[in-house]
Amino acid sequence: MTDPSTDCPVSTRYAPSPSGHLHVGGARTALFCWAFSRRHHGNFILRIEDTDQKRSSQKASLGFLEDLDWLGIDWDEGPEFAGSGGGDHGPYYQSQRLPIYDEHIMKLVEAGHAYWAFETPEQLDAARKQARAEGRAYRYDRAALELDPAEVRQRLDRGDHAVVRFKVPPGEVTFDDMVLGTTTFPDGEIDDFIIRKADGFPTYHLAVVVDDALMEVSHVLRAQEHLNNTARHVLLQRALGFGVPAHAHLPLIFNPDGSKMSKRDKDKALRAHVKTLGLGGPPAGTIDDDVFQNWLSDKRSQLEIEQADALARALDFELPEINVNDFRCSGYLPGVLCNFLALNGWSPGNDLEKFDNAFLAENFTLDRVQKTPAHFDRMKLLAFNLDAIQELTEDQFHTLLREHAAEYRPEFLQLMDQEQFRTFSESVHERSKTLDEPFRTNRFLVIPDEQVTWDFQSKPVKKALLNGDSPGISHLPALRLLLDSVDPFDSDTLEQVLKDYADQKFDGQLGKVAQPLRVAVSGGTVSPPIFHTLQILGRDSVLNRIDACINTAASLPST
RNA sequence: GGCCCCAUCGUCUAGCCCGGCCCAGGACGCCAGGUUUUCAUCCUGGAAACAGGGGUUCGAAUCCCCUUGGGGUCACCA
């Protein structure tokens, strides 16, 4: 099908650089590109922009293929992965297309649209600094344009440091944007930018323009930070005799505080947390002391992802989620993340907020894309995730929870049998906001009995065990006796027995029984419903823990 | 600083293009009650915005201009 406004087949592309994982902002762009192409029954291309030799790595690029797949975003052309990819416009890694770019670059040089230049980065840096000191915007002075052709040839033969610059034609540049409308850049605003680096690789500008044309991209959807670049691209497209694709610049996604979301946020958060704790050295088994000290002393340094993860885990600190994979680890559902991402910058109207990718593929339009940046609100995302999880059936939730455990919380699968895990799943479902939350908040279920500890100083523990006329602790021996003889040891029977006890001793106030037991077996005041908790732990553990709790309380200095 | 873009509750947004139905609707969050064996849910109610100033018009959140504010960009990164 065709886009009615341009009457040509729709083809979009998402073109990330493979530096790092897929960021939520990138994911949103990919989602919109995907949705737009699906809406018009068009083509969606994934292209890897790895023209920066310093930053690109094969490993990182594979990571976001998986992220896209997890989100449910498939691509018709590009690297082959999980059934997506292939296509006739390859290769889809720019680093494998160097001859193609050179061909076009030389065409431009021959036509007088581009020229060789020999300034070193250092020289340009100095010129830039001077321009700034004089309070004006730096523009390349076109010195190389004056060079004698014979000298150019000689210096090229000699192997001098050489780049190719595009000779920007005079006049203003105007282009249309399907989100923002018409934009005009005045004459002289754009200087002769580099299109071929000294290492022979094309710059982003050249590669994008050539590939978009050769891959027959009809609509370029990308983040608003590219708006200025588009003027350059339009100029290149004209010089190369290409058509100008339709453009749509998408609003940026920010942190709640208005700062730009970046991978550095994790490091920042961790650093702040470590400082609050006043930590003098790294927890044992995490990272080397000198790595830790270097990191702490140099604000600009960053830990490797693995190091940061290890440290955060040891400190029981949750790093802020930035990448798609972070949200996956934290137990968000892919459909919810897509839904929420789409809502940052787009809405279907009619107060409709909850929808899936299929809905997007059917209803996404650029005229409903927001012009203003969105602040990423994790609280709302969490609320959406809760809603989605509550809508799952017991079986669906159980399956997802198992999968999550297998991937991220294997100890729960090792220490619980099928039936225990099933009970666990059923009892945590209604209180789970994420797939990870049950594991985080119920570690007591998988620790050895002797590792349970009680903080008798804490208010809620005191309230449950020590306070009142008939303190909880005084009932534990009797309850222990009851539990020892309950048969079968399952939640229904336990409920019956414990309710009877509450009826007799506390006039039916179940809390008076449940809370002391909860504290005794978990060490804390939070757990799934008490009858399920007891069943999951099993009789032996429950009795062990109650005994230990009684003994520990007995050894307390009397007050 | 130059250039470009933008402007509705704290946040995401509906309404804006095609002025009146808007003393501006929804969602998350917040506040106050209620349900609940803890936690989390859940239920009820509430506070909360058209950045400011000029126009145009019978009438402006909606159209125009200015101011202010925010953002982006000024790389041999993408």
Side-chain angles (χ1 to χ4, degrees), chain A residues 15-19 49-52 54-56 94 117 119-121 124-125 128 131-132 135-139 161-165 177 179-181 183-186 188-191 193-199 201-205 207-208 222-231 249 251-252 254 256 258 260 340 343-354 367-368 370-384 386 390 428 430-433 437 441 460 464 495 498-499 502 509-515 517-519 522 524-531 533:
Chain A
S17 66
S19 53
E49 311 227 319
D50 55 350
T51 53
D52 185 347
K54 277 169 250 147
R55 297 195 195 191
S56 298
Q94 290 188 326
E119 289 86 355
T120 63
L124 296 173
D125 252 11
R128 253 181 231 115
R132 189 161 191 89
R136 56 188 169 82
Y138 170 77
R139 298 281 125 84
H161 180 101
V163 300
V164 176
R165 284 182 183 269
D177 183 282
V179 172
L180 299 173
T183 301
T184 300
F185 290 84
E189 189 50 37
I190 299 159
D191 70 351
F193 54 94
I194 292 171
I195 56 177
R196 185 186 196 267
K197 310 180 211 175
D199 64 3
F201 276 58
T203 59
Y204 164 70
H205 305 299
V208 158
R222 59 180 20 156
Q224 238 173 59
E225 58 190 340
H226 285 292
L227 191 64
N228 295 265
N229 290 334
T230 301
H249 289 93
L252 268 15
F254 290 151
K260 207 173 155 183
F340 187 70
L343 237 31
N344 276 248
W346 185 80
S347 82
N350 290 336
D351 293 334
L352 181 66
E353 287 199 302
K354 304 282 181 69
D367 59 357
R368 296 194 66 89
Q370 208 73 17
K371 295 175 178 169
T372 50
H375 297 74
F376 193 84
D377 182 359
R378 285 192 180 73
M379 297 293 272
K380 184 158 177 172
L381 171 63
L382 193 60
F384 271 40
L386 168 81
Q390 298 318 314
V428 296
E430 68 174 351
R431 71 203 70 242
S432 293
K433 294 183 171 180
E437 189 181 20
T441 55
E495 178 167 358
L498 292 172
K499 275 191 170 159
Q509 296 177 80
L510 192 54
K512 297 280 189 187
V513 177
Q515 204 56 0
L517 274 176
R518 191 186 319 277
V519 172
S522 76
T525 55
V526 176
S527 86
I530 190 63
F531 315 118
T533 303

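Residue numbers start from 1 in every chain, and the chains themselves are labelled A, B, ... in the order their sequence lines are given, proteins ahead of strands.
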ask   = Can you tell me how far C1' in B/A60 sits from the matching atom in B/C17, rounded to whole Å?
value = 15 Å
ask   = Which pair of heavy atoms, one from A/Thr372 and one from A/Pro251, lies closest together, and at what distance?
value = O-CB, 3.2 Å
task = Side-chain contact test, heavy atoms from C-beta onward, threshold under 4.5 Å: evaluate it for A/Asp52 versus A/Phe201 and give yes or no.
result = no
A/Leu343 vs A/Phe384 side-chain heavy atoms within contact, under 4.5 Å = yes
inquiry  = Measure CG/A/Asn228 against C1'/B/G2 and give the value in whole Å, please.
reply    = 11 Å
B/C76 OP1/OP2 closer than 4.0 Å to side-chain N/O of A/Arg128 = yes
task = Could you tell me whether the side chain of A/Thr203 reaches within less than 4.5 Å of the side chain of A/Arg196, counting heavy atoms only?
result = no
query = Any side-chain N or O of A/Ser347 under 4.0 Å from OP1/OP2 of B/A14?
reply = yes
ask   = Heavy atoms under 4.0 Å, any strand shown: does A/Ser527 hit a base, just sugar-phosphate, or nothing?
value = base
Interatomic distance at P, B/G15 relative to B/C31, whole Å = 31 Å
inquiry  = Within the 4.0 Å heavy-atom criterion, would you say A/Pro529 contacts the bases, only the backbone, or no part of the nucleic acid?
reply    = base
request  = Measure from CG on A/Leu382 to P on B/U41 and round the result to the nearest Å.
outcome  = 8 Å
task = Tell me what A/Phe193 touches on the nucleic acid: a base, only sugar-phosphate, or nothing, going by heavy atoms under 4.0 Å.
result = nothing
request  = Using the P atom on both, measure B/A61 against B/G2 and round to a whole Å.
outcome  = 33 Å
request  = Would you indicate what A/Leu252 reaches in the nucleic acid, counting non-hydrogen atoms under 4.0 angstrom: base, sugar-phosphate, or nothing?
outcome  = sugar-phosphate
ask   = Using a cut-off of 4.0 Å on non-hydrogen atoms, how would the nucleic acid contact of A/Phe201 be classed: base, sugar-phosphate, or nothing?
value = nothing
query = Does the side chain of A/Thr441 get closer than 4.0 angstrom to OP1 or OP2 of B/C39 through an N or O atom?
reply = no
inquiry  = Is it the case that the base of B/G26 and the side chain of A/Glu353 share a donor-acceptor contact (distance under 3.5 Å, atom types as modelled)?
reply    = yes
task = Write down the partner of B/C74 under the Watson-Crick or G-U wobble criteria, each distance required to be under 3.5 Å.
result = B/G1
inquiry  = What is the separation between atom NZ on A/Lys371 and atom C1' on B/U13, rounded to the nearest whole Å?
reply    = 15 Å
key: Contact under 4.0 Å: A/Gln370 side-chain N or O vs B/A14 OP1/OP2   = yes
ask   = OP1 or OP2 of B/C77 less than 4.0 angstrom from a side-chain nitrogen or oxygen of A/Lys197, does that happen here?
value = yes
inquiry  = Is A/Lys512 close enough to B/U37 that one of its side-chain N or O atoms is under 4.0 Å from OP1 or OP2 there?
reply    = no
task = Report which part of the nucleic acid A/Glu49 touches: base, sugar-phosphate, or nothing (heavy-atom distance under 4.0 Å, all strands).
result = sugar-phosphate
request  = Ignoring the backbone of A/Phe384, work out which of B/C42, B/U38, B/A27 is nearest its side chain.
outcome  = B/A27
query = For the base of B/C76, is there a side-chain donor-acceptor partner from A/His161 under 3.5 Å away?
reply = yes
query = How close or far is atom P of B/A78 from atom CG of A/Asn229, stated in whole angstroms?
reply = 10 Å
ask   = Is A/Lys433 salt-bridged to A/Glu437, cutoff N-O under 4.0 Å?
value = no
task = Looking at every strand, decide which applies to A/Ile194 at a 4.0 Å heavy-atom threshold: base, sugar-phosphate, or nothing.
result = base
key: side chain to side chain contact (heavy atoms under 4.5 Å, CB included) between A/Glu49 and A/Val208, intermediate numbers included   = CA-CA 8 Å; A/Glu49 311 227 319; A/Val208 158; 3.5 Å; yes
query = Partner of B/G45 by Watson-Crick or G-U wobble geometry, both contacts under 3.5 Å, or none?
reply = B/C31
inquiry  = Let's test this: given Watson-Crick or G-U wobble pairing with both distances under 3.5 Å, identify the partner of B/A7.
reply    = B/U68
request  = Ignoring backbone atoms, test whether A/His375 places a side-chain nitrogen or oxygen under 4.0 Å from the OP1 or OP2 oxygen of B/C12.
outcome  = yes
inquiry  = Is it the case that the base of B/A27 and the side chain of A/Lys380 share a donor-acceptor contact (distance under 3.5 Å, atom types as modelled)?
reply    = yes
task = Quote, to the nearest angstrom, the P distance that separates B/G52 from B/U62.
result = 11 Å
message = Does A/His226 reach a base, just sugar-phosphate, or nothing at all? Heavy atoms under 4.0 Å.
response = base
task = Using a cut-off of strictly less than 4.0 Å, decide whether A/Arg368 has a side-chain nitrogen or oxygen near OP1 or OP2 of B/G15.
result = yes
